[in-house]
Amino acid sequence: MTDLHLWLIPLVPFAGFLVNGLLGRKFPKGLVTTVALVAAVIPLLQVAAIVTKFGSLTLPHVETVGTWISSGAFHADFSFQLDQLTLVMLCVVTGVGFVIHVYSVGYMAEEEGYWRFFAYMNLFLFFMLTLVLAENFLLMFVGWEGVGLASYLLIGFYYRKDSAANAGKKAFIVNRIGDFGFLIAMFLLVAHFGTLSFSEVFSQIAAHPAWQGGFLTAIALFLVLGACGKSAQIPLYVWLPDAMEGPTPVSALIHAATMVTAGVYMIARTHVLFDRSPYALVVVAIIGTATAFFAATIGMAQTDIKRVLAYSTVSQLGYMFLACGVAAYSAGIFHLVTHAFFKALLFLAAGSVIHALSGEQDMRVMGGLRSKIPVTFWTMTAAVFAICGFPPLAGFVSKDEILYQAFIAPGPGRILWAVGLLTAGLTSFYMFRLWYMTFFGESRAAAHEDHAAVHARRDTKLVVEAEHVHRVHESPWVMLWPLIILAVLSVIGGWMGWPEGLGGGNWFAHWLSPVFAGPAGEAATGSKQLELILACVSTLVAVTGWYVAHVMYYAKPELPARFAAQFRSLYSLVKNKYWIDEIYGALIVTPVLFIARYLLNAIVDRGVIDGGTLAAGYTAQGFGALVARIQSGNIRSYAGWLAFFAALLLAASYFGWTAHFWLG
């Protein structure tokens, strides 16, 4: 069997983390850059080499480095697995990851802690690659927790800013809730299967066709809880919008292209469990559809360019959940891939806009940038049209495949399709709203000069001087080349899954079919004519969203203010994100803090722990004082104490003999 040395793929970024993390403070910037980029490009080259050998491999290809845990009949190995799904994820993580590393060289050039940033980025690659290569749940959980740690470090990179530090803590704590579900699922797997190996668990399920629902549903639902935390779905989505406090490349890498897709990947990887639990699949589909629509409505009213993209990410992840929920796993993974292209591009282009405006992120202060930063404009335009679902761009192909699979799915599929279609219209509206507010019309920066002059850059600690605010400048080419590469992929990246209803062969779905073969995976069937009709309908909806945005933010820019004034309550509700953070704070955070700070502190800490400590201290002090009086060094005192204790002993003996005599 061919040995691909899969363990080397994550090990190289880990070596880059160690070198820059331990020595980077003393390195010149050029050496830090070299170490970071080499640690990111070598895994990409390794994956490219695997692609050339892939056709000759027996799949799944498993490599075991050694035994990790062995206790009785249970064992867990350091084992890595390669199949079609793994290769897709490896290409996304290493390819997009390297491009974002290159972009970061320009974006973070003047930042304090440059070495620390790239050490964290390499650490993230290590854990993410470990997650997708893992052959068992336990090793996957190591990568799962690791990307959570790396995310915490990167979100809170500007740790001197309270907002960044709080955002990092929020992401870490919310994800721990989801991780608790993952842990419970692993405990149940060990209890019912005696192993955490994917192949052993799935083979036992395959050997028992009668197993339906029951404990399989329980395991699947706990896995869904974990996936909701990592992929920012209702009710655990609240961490991702605040995660925009991190540097923009972090948003592109972790919160658009890789880490947040880990939950989708986990559901797809464990589809054998979900195929035996229709109830769990329905839960996944409903959560995804509700999240997609809910986040899209919030994105319509946000004014921070990165926050709009954050809610867009939450919404697009909802589409992936919807696909998995109707057992169209390959469609969900396909959207994961295309989303990595156009959403990473959107974030990096937004970073280029922010860079051009010396740190400004408020779209109300932008406008008129189309001719001033043309490369950023045209590349971001490609991403906007892609995410809105305009043919023949990547987002059209993958999102329409999800809507088609939802429409032909049994049960509530038609309802899910209708909500997904409405969400597509909202997506088109708020993305073109961003496009028009940023690049078209007259520049609105002059009207906010006083604000801009004192505006502290969100990604740095620098304060913008008034005379530099209006010197809009295109980003350096080290930042622009990644935009161009991602723009090309946003245009043509979906062609590998071009639908059969539009004359294609849906090669991507056929290529992944060996992984998802099963009773439920891709079981729904339709017709080419229906697929063509639904594609036309969704395109019409996307055009409608564009038209509404064009009227409101280009042709008649006074309309949004009128609408906000006329529907003040509705606008306030959406702009304030339905006050979900405030509701969570009142119902969950405040009671927990009250219990921790007052009840536990007063009763347990001060009452039991401090009281017990004080009692022990006073007891020891009392005995010490007594012993000190006895150990006086005076012979007469010693004789007196001896007589006293002798009398006590005689008295005790007397009463003992008397009691024994009378009681017989």
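Just so you know, these numbers use all the heavy atoms, side chains as well, and skip hydrogens, waters and symmetry mates.
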Using a 4.5 Å cut-off on heavy atoms from C-beta on, say whether the side chain of I173 contacts that of W239. no
Taking every heavy atom of V397 against every heavy atom of G497, the minimum-distance pair comes out as CG1-O, 3.3 Å
Report task. Mind telling me whether W481 and W477 have parallel, tilted or perpendicular rings, with 30° and 60° as the class edges? Result -> tilted
For P374 and E474, the nearest pair of non-hydrogen atoms, with its separation, is N-OE2, 3.4 Å
In short, I155 meets A171 closest at the heavy-atom pair CD1-CB, 3.7 Å
**Message:** Please tell me whether E401 and H335 have a donor and an acceptor in their side chains that are separated by less than 3.5 angstrom.
**Reply:** no
Is any side-chain heavy atom of P235 less than 4.5 Å from a side-chain heavy atom of Y584?
yes
In short, F347 meets T313 closest at the heavy-atom pair CE1-OG1, 3.6 Å
request  = Using atom types as modelled and distance alone, determine if a side-chain donor or acceptor of K306 lies under 3.5 Å from a backbone N or O of Q361.
outcome  = no
Minimal heavy-atom distance between N122 and V35, with the atoms involved, is OD1-O, 4.3 Å
To the nearest 0.5 Å, atom CE of M259 lies from atom CZ of F127 at 13.0 Å
F377 and W435 aromatic ring geometry - parallel, tilted or perpendicular at 30°/60° bounds = parallel
In this structure, NE2 of H101 is separated from CG of L44 (nearest 0.5 Å) by 11.5 Å
Notebook entry, point to check: Checking S231 side chain against V260 main chain: does a donor-acceptor pair fall under 3.5 Å?
Noted result: yes
* **Note, M363 side chain near Y553 side chain (heavy atom, < 4.5 Å)** => no
Exercise for review: Return yes if some donor-acceptor pair links the side-chain N/O of T33 with the main-chain N/O of K29 below 3.5 Å, else return no.
Suggested key: yes
Exercise for review: State, yes or no, whether a side-chain contact exists between I580 and F294 at a heavy-atom distance under 4.5 Å.
Suggested key: yes
Residues at least two apart in sequence or cross-chain that pass side chain to side chain contact (heavy atoms under 4.5 Å, CB included) with I492, listed by chain then number, are V488, W495
### Task
Kindly indicate whether the side chain of F124, heavy atoms from C-beta on, has any atom under 4.5 Å from the side chain of T258.
yes
Original post:
Do E531 side-chain atoms and P499 backbone N/O form a donor-acceptor pair below 3.5 Å?
Top reply: no
* Asked: Is there a donor-acceptor contact under 3.5 Å linking the side chains of S538 and Y404?
  -> no
- Task: State yes or no: are the ring centers of F563 and Y571 separated by less than 6.0 Å?
- Result: no
- prompt: Taking the side chain from K230 and the backbone from A262, do they hold a donor-acceptor pair closer than 3.5 Å?
  reply: no
With no hydrogens and no angle check, is any side-chain donor or acceptor of R364 less than 3.5 Å from a backbone partner on T303? no
Residue pairs passing the salt bridge (charged side-chain N to carboxylate O under 4.0 Å, His left out) test with at least one member in residues 564-576, sequence neighbours excluded, are none
What one should report as the nearest heavy-atom pair of H355 and S475 is ND1-OG, 3.7 Å
message: Tell me whether W115 contacts the main-chain N or O of A119 through its side chain, where contact means a donor paired with an acceptor under 3.5 Å.
response: no
### Message
Quick check on the 6.0 Å ring-centre criterion: do Y114 and F118 meet it?
### Response
yes
Value for CD1 (I373) from OG1 (T379), rounded to nearest 0.5 Å, stands at 8.5 Å
Practice problem: Using modelled atom types only, decide if a donor and an acceptor are shared between the side chain of Y319 and the backbone of A424 within a distance under 3.5 Å. | Solution: yes
Practice prompt. Salt-bridge test for E245 and K170: reply yes if a basic N is under 4.0 Å from a carboxylate O, no otherwise.
Written response: no
* Taking the side chain as C-beta and beyond, is there a heavy-atom pair between K577 and Q302 under 4.5 Å? -> yes
Q: Output yes when a side-chain donor or acceptor of S428 lies under 3.5 Å from a complementary backbone atom of G425, and no otherwise.
A: no
Q. Quick check: does any side chain N or O of T291 sit under 3.5 Å from a backbone N or O of I234, one acting as donor and the other as acceptor?
A. yes
### Query
Less than 6.0 Å separating the ring centroids of F432 and F385?
yes
In this structure, CG of N20 is separated from CZ of R116 (nearest 0.5 Å) by 12.5 Å
| task | Check whether any side-chain heavy atom of L125 sits under 4.5 Å from a side-chain heavy atom of P43, and report yes or no. | result | no
May I ask you to test the T539-P391 pair for a side-chain heavy-atom distance under 4.5 Å?
yes
